[in-house]
Amino acid sequence: MLPIDAAAHSSRWRRRHPCEKAVLGFGLTALAVCLPPWPGAVLVAAATLVVLLGPAGVAPRQLWRAWRIPLGFCVTGAVPLLFQVGGTGGFITPAPDGLVHAGQLLLRTSAASLGVLLFAFTTPVSDVLPRLVRAGVPAPVVDVALVMYRISFLLLDAVRRIREAQAARLGLTSRAATWRSLAGLGATAFVRAFDRAARLQTGLAGRGYVGTLRVLVPQVAVSGRFLGASAALLAGLVALTLVLERFLP
């Protein structure tokens with residue numbers, strides 16, 4: 001199991017309805033995109049961090065390990081805005097106001113990614129997918145997603161075991177040995193994927209699969225209090241942004 005999935009299953013908000021956490025997490029994401037980068041995105045990022053580290057109970061180290069990957073994509077996407085191609089100064093020159101545009105994009109995307117992580121750190125995928133059928137998503141699409149979610153963990157575990165076996169057999173002692181081991185890892189994982197898929201299909205057929213996976217979903221009531229607090233937080237961020245925008249440069 002991935003660390004973020006393990007954190008979601010042990011979260012303080014694990015027993016809350018996914019709809020509540022979706023309103024809060026994706027609402028913060030929408031504000032990060034729609035509000036001005038300064039001070040809107042900064043306020044959204046700060047509020048999301050407070051919720052993640054406070055009420056949601058996410059460990060700072062876990063949050064950083066999960067956030068650094070999307071943050072790297074955010075930085076990568078902002079860097080090209082610093083330059084322009086063509087012009088009188090040469091083929092590649094610094095873009096006018098490039099630093100401002102890059103900073104704005106970085107603020108928006110990093111704050112938005114925190115909102116998505118808030119939902120991911122508090123809501124296991126197994127709680128969300130079965131409820132999508134009630135939301136109108138076709139059942140076969142949800143079934144495929146459930147099966148892929150399950151088999152992905154099996155393959156990750158198989159890759160880890162193969163990697164440990166290669167290391168124990170001195171398969172990573174040199175660059176050439178590492179490349180050979182990597183090729184063997186890819187080939188073995190490819191074969192294992194088909195083998196796991198065939199075994200999974202046989203298991204489903206043996207359990208009377210007729211086109212729909214029956215999954216027991218815990219009955220959880222939607223908390224009006226939580227939704228009200230989330231709406232108040234979102235409205236407060238909007239109001240504070242509009243007020244500060246008048247006084248801050």
Side-chain angles (χ1 to χ4, degrees), residues 4 7-8 11 13 16-89 92-123 128 222-249:
I4 193 170
S11 171
W13 291 353
R16 290 197 172 276
H17 197 283
C19 180
E20 303 173 12
K21 295 171 282 187
V23 169
L24 178 58
F26 295 136
L28 290 168
T29 301
L31 289 186
V33 175
C34 298
L35 292 178
W38 173 258
V42 177
L43 292 174
V44 171
T48 310
L49 284 173
V50 170
V51 174
L52 278 165
L53 302 177
V58 179
R61 185 177 180 182
Q62 286 182 323
L63 177 60
W64 169 246
R65 291 183 63 184
W67 190 36
R68 63 186 180 182
I69 297 177
L71 187 60
F73 284 100
C74 297
V75 174
T76 304
V79 168
L81 297 180
L82 298 173
F83 307 96
Q84 66 177 1
V85 178
T88 57
I92 297 179
T93 57
D97 298 328
L99 187 60
V100 174
H101 295 312
Q104 291 176 347
L105 179 63
L106 184 59
L107 287 176
R108 285 186 189 276
T109 53
S110 57
S113 62
L114 281 174
V116 176
L117 285 177
L118 173 60
F119 182 76
F121 265 110
T122 56
T123 311
V128 178
V222 177
S223 173
R225 221 170 184 186
F226 189 92
L227 291 178
S230 300
L233 175 62
L234 299 177
L237 288 172
V238 173
L240 186 58
T241 299
L242 295 178
V243 171
L244 292 179
E245 194 178 11
R246 296 181 180 181
F247 300 100
L248 295 177

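Any value given below was found using the heavy atoms of this structure, including those in side chains, with hydrogens, waters and symmetry copies removed. Throughout, numbering of the chain's residues begins at 1 and tracks the sequence. For clarity, every value in this text was computed on a predicted model and none was experimentally measured.
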Chemist: For the pair S11 (side chain) and A7 (backbone), establish whether a donor and an acceptor sit closer than 3.5 Å, ignoring hydrogens and angles.
Modeler: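 Absent.
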Chemist: Please report the interatomic distance OG1(T109) to CZ(F73), rounded to the nearest 0.5 Å.
Modeler: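 Atom-to-atom, T109:OG1 and F73:CZ are 12.0 Å apart.
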Chemist: Rounded to the nearest 0.5 Å, what's the gap from CD on Q62 to CG on L53? Could you check?
Modeler: 11.0 Å
Chemist: Give me the atom names and distance for the closest heavy-atom approach of L105 to A78.
Modeler: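 The answer is CD2-CA, 3.9 Å.
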Chemist: Do F119 and T29 have side-chain heavy atoms sitting under 4.5 Å apart?
Modeler: no
Chemist: How far apart are the closest heavy atoms of P36 and R108, and which atoms are they?
Modeler: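 Of all heavy-atom pairs spanning P36 and R108, the closest is CA-NH2, 4.1 Å.
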Chemist: Apply the side-chain contact (heavy atoms from CB on, under 4.5 Å) test between L35 and each candidate in L240, V44, L242; give the one that qualifies.
Modeler: V44
Chemist: Is there side-chain contact between L43 and L31, with at least one heavy-atom pair below 4.5 Å?
Modeler: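 Counting from C-beta outward, L43 and L31 never come under 4.5 Å.
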Chemist: Apply side chain to side chain contact (heavy atoms under 4.5 Å, CB included) to the pair L117 and T48, showing each step before the final yes or no.
Modeler: CA-CA 9 Å; L117 285 177; T48 310; over 6 Å; no
Chemist: After noting the C-alpha distance and the side-chain angles of L24 and F226, does the key distance pass the side chain to side chain contact (heavy atoms under 4.5 Å, CB included) rule?
Modeler: CA-CA 9 Å; L24 178 58; F226 189 92; 4.0 Å; yes
Chemist: In the structure I gave you, are the side-chain heavy atoms of Q84 and P96 within less than 4.5 Å of one another anywhere?
Modeler: yes
Chemist: Would you say the ring centroid of F121 lies under 6.0 angstrom from that of W13?
Modeler: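 Between F121 and W13, the centre distance exceeds or equals 6.0 Å.
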Chemist: Nearest heavy-atom pair of L118 and G25: which atoms, and what distance?
Modeler: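 Heavy atoms of L118 and G25 come nearest at CD2-CA, 4.0 Å.
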Chemist: Who pairs with R16 by side chain to side chain donor-acceptor pair (under 3.5 Å), at least two apart in sequence or on another chain?
Modeler: E20
Chemist: If you count every heavy atom of other residues, nucleotides or ligands that lies below 6.0 Å from L82 atom CG, does the total exceed 12?
Modeler: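 Enclosed: over 12 neighbouring heavy atoms sit under 6.0 Å from CG of L82.
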Chemist: What distance do L99 atom CG and Q104 atom CD have between them, rounded to the nearest 0.5 Å?
Modeler: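 Separation between the atoms: 10.0 Å.
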Chemist: Can you tell me how far CG of L28 sits from CG of L114, rounded to the nearest 0.5 angstrom?
Modeler: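 Taking CG in L114 and CG in L28, the distance rounds to 9.5 Å.
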Chemist: Would you please name every residue forming a side chain to side chain contact (heavy atoms under 4.5 Å, CB included) with V50, sequence neighbours left out?
Modeler: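 Residues passing side chain to side chain contact (heavy atoms under 4.5 Å, CB included) with V50: none at all.
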Chemist: Rounded to the nearest 0.5 Å, what separates atom CG in L71 from atom CH2 in W64?
Modeler: 5.5 Å
Chemist: For a 4.5 angstrom cut-off between non-hydrogen side-chain atoms, does H17 reach S223?
Modeler: no
Chemist: Tell me if a side-chain donor or acceptor on S113 pairs with a main-chain N or O of S110 at a distance below 3.5 Å.
Modeler: yes
Chemist: Do the side chains of L244 and W38 get nearer than 4.5 Å, heavy atoms only?
Modeler: no
Chemist: To check you understand the geometry: which heavy-atom pair defines the closest contact between A32 and A41, and what is its length?
Modeler: O-CB, 4.4 Å
Chemist: Measure the SG-CD1 distance between C74 and I69 for me, rounded to the nearest 0.5 Å.
Modeler: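 Answer for the SG-CD1 pair, C74 versus I69, is 12.0 Å.
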Chemist: May I ask you to test the L81-V100 pair for a side-chain heavy-atom distance under 4.5 Å?
Modeler: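 Of all side-chain heavy-atom pairs linking V100 with L81, none is under 4.5 Å.
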Chemist: Do you know the tightest heavy-atom contact between G27 and L234?
Modeler: C-CD2, 3.8 Å
